[in-house]
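In the text below, chain A, chain B and the rest are named by the order of the sequence lines, each starting its count at 1. These numbers were taken from a predicted model, which means no experiment stands behind them.
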Protein chains: 2
Amino acid sequence: MKPDHFHVTSECTMVNEILSRVGDKWTVLVVSYLGNGAMRFNELRRTVSGISQKMLTTTLRGLERDGFVTRTIFPTIPPRVEYELTDLGRELLVPVRALGAWAVSNHDRVLAARNRFDAAQGAVSEPFGPERNLSEAAE
Amino acid sequence: MKPDHFHVTSECTMVNEILSRVGDKWTVLVVSYLGNGAMRFNELRRTVSGISQKMLTTTLRGLERDGFVTRTIFPTIPPRVEYELTDLGRELLVPVRALGAWAVSNHDRVLAARNRFDAAQGAVSEPFGPERNLSEAAE
DNA sequence: CGGCATCCATTCCGATACTG
DNA sequence: CAGTATCGGAATGGATGCCG
């Protein structure tokens, strides 16, 4: 058999757990920003820009639960809550950023393949005018 | 240690695109198995074991669209369709497996953090009997 | 064998309103 | 400021049936 290939069985459960956490809509954004240092709730809210406070709370709770961020409350008036990556979170950041770097490097290749595929699909169903907006199927 | 930090702005769109593709329920499984060599449709179906043919089709189409796998049809009787990773797909496999390796290595730490968190949550809302099944909230 | 189409359950996520 | 609670729409994913 092949030299590489680690057993694709129960390990994938763990891999999928991590990827599901990391692959959702906001986690990477939040973790990436927190990679620059501790931040407060509304500071994150403004920075991520587009996230609802519900999803920010949900995302942060999930990350806290899995031990990737700490939540520190300063009982002042007004209250102050800071979120910061744990060691585990910073370690996670390494492979995540590797994947991120890959994504940035190969974004164009993916887009090109996507356009090629969509053009080919449009050609069979619409032989007379396959000209489609390239961004229609992307989102 | 934090001399890194690449700009967390538009790059994250691409990162999130890749992570959303890779973070769904089946993609990593399928790509991992295809990393061992070309496979037929029902061969994949049997191997992944648990996937519906709808999701297998959807997953493979998405991967094909983004240029990660090729789909080769042999017009025999019965028809034979083989899926294989492209160069792009094999390159993607590298950072994905790095993340996978991290997930396997640190799975226990995540679980421990999760149990700690859940125990702490149960303690405040249920002061008399915080004993909960450790797997109830995991899935 | 390798699909696609349809229906249905679940989950995700955003908008809004309210609380300490 | 930092949340919680609730609603509804959108997206995801499974089961089933049909087709070349």
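Under a 4.0 Å N-O distance rule, the pair A:Glu82/A:Arg80 qualifies as a salt bridge. Ion pairing between A:Arg109 and B:Glu91 holds under the 4.0 Å rule for side-chain N and carboxylate O. The pair A:Glu84-A:Arg40 fails the salt-bridge criterion, with no side-chain N (NZ, NE, NH1 or NH2) lying under 4.0 Å from an Asp/Glu carboxylate O.
Closest of all the heavy-atom pairs between A:Ile73 and A:Pro75 is O-CD, 3.5 Å. B:Asn16 approaches A:Lys25 most closely through the heavy-atom pair ND2-O, 3.4 Å. In plain terms, the two heavy atoms of A:Asp66 and A:Leu88 that are nearest each other are O-CD2, 3.7 Å. Between A:Thr27 and A:Arg21 the shortest heavy-atom distance is OG1-O, 3.0 Å. In terms of heavy atoms, A:Tyr83 sits closest to A:Arg71 at OH-NE, 3.2 Å.
B:Phe74 comes within 4.0 angstrom of nothing in the nucleic acid, heavy atoms only. Using a 4.0 Å heavy-atom criterion, one finds that B:Arg40 contacts the sugar-phosphate atoms exclusively.
In this structure, the CZ atom of A:Arg45 is 10 Å from the P atom of D:dC1, given to the nearest Å. For the pair B:Tyr83 OH and C:dC1 C1', the interatomic distance rounds to 11 Å; values are reported in whole Å. Taking atom CG on B:Leu44 and atom P on C:dG3, their separation rounds to 10 Å, with Å as the unit. Put simply, CE on A:Met39 is 14 Å from P on D:dC1, counting in whole angstrom units. If you measure from atom CD of B:Glu43 to atom P of C:dG3, you get 13 Å, rounded to the nearest angstrom. A:Ile77 places its CD1 atom 15 Å from the C1' atom of D:dG3, with the value rounded to the nearest Å. D:dA2 atom P lies 12 Å from atom CZ of A:Arg61, rounded to whole Å.
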(message) Pair A:Leu92, B:Trp102 - check side chain to side chain contact (heavy atoms under 4.5 Å, CB included), show working.
(response) CA-CA 8 Å; A:Leu92 174 65; B:Trp102 188 95; 3.6 Å; yes
(request) At under 4.0 Å between heavy atoms, which parts of nucleotides 8-20 of chain D does protein reach? Answer with one letter per nucleotide, 5' to 3': B base, S sugar-phosphate only, - none. (result) -----BBBBB---
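Rounded to 10 degrees, the angle separating the terminal helix axes of the helix from C:dC1-D:dG20 to C:dG20-D:dC1, each built from five base pairs, is 40°.
At D:dG3, one or more side-chain N or O atoms of A:Arg71 fall inside 4.0 Å of OP1 or OP2 (strictly under the cut-off).
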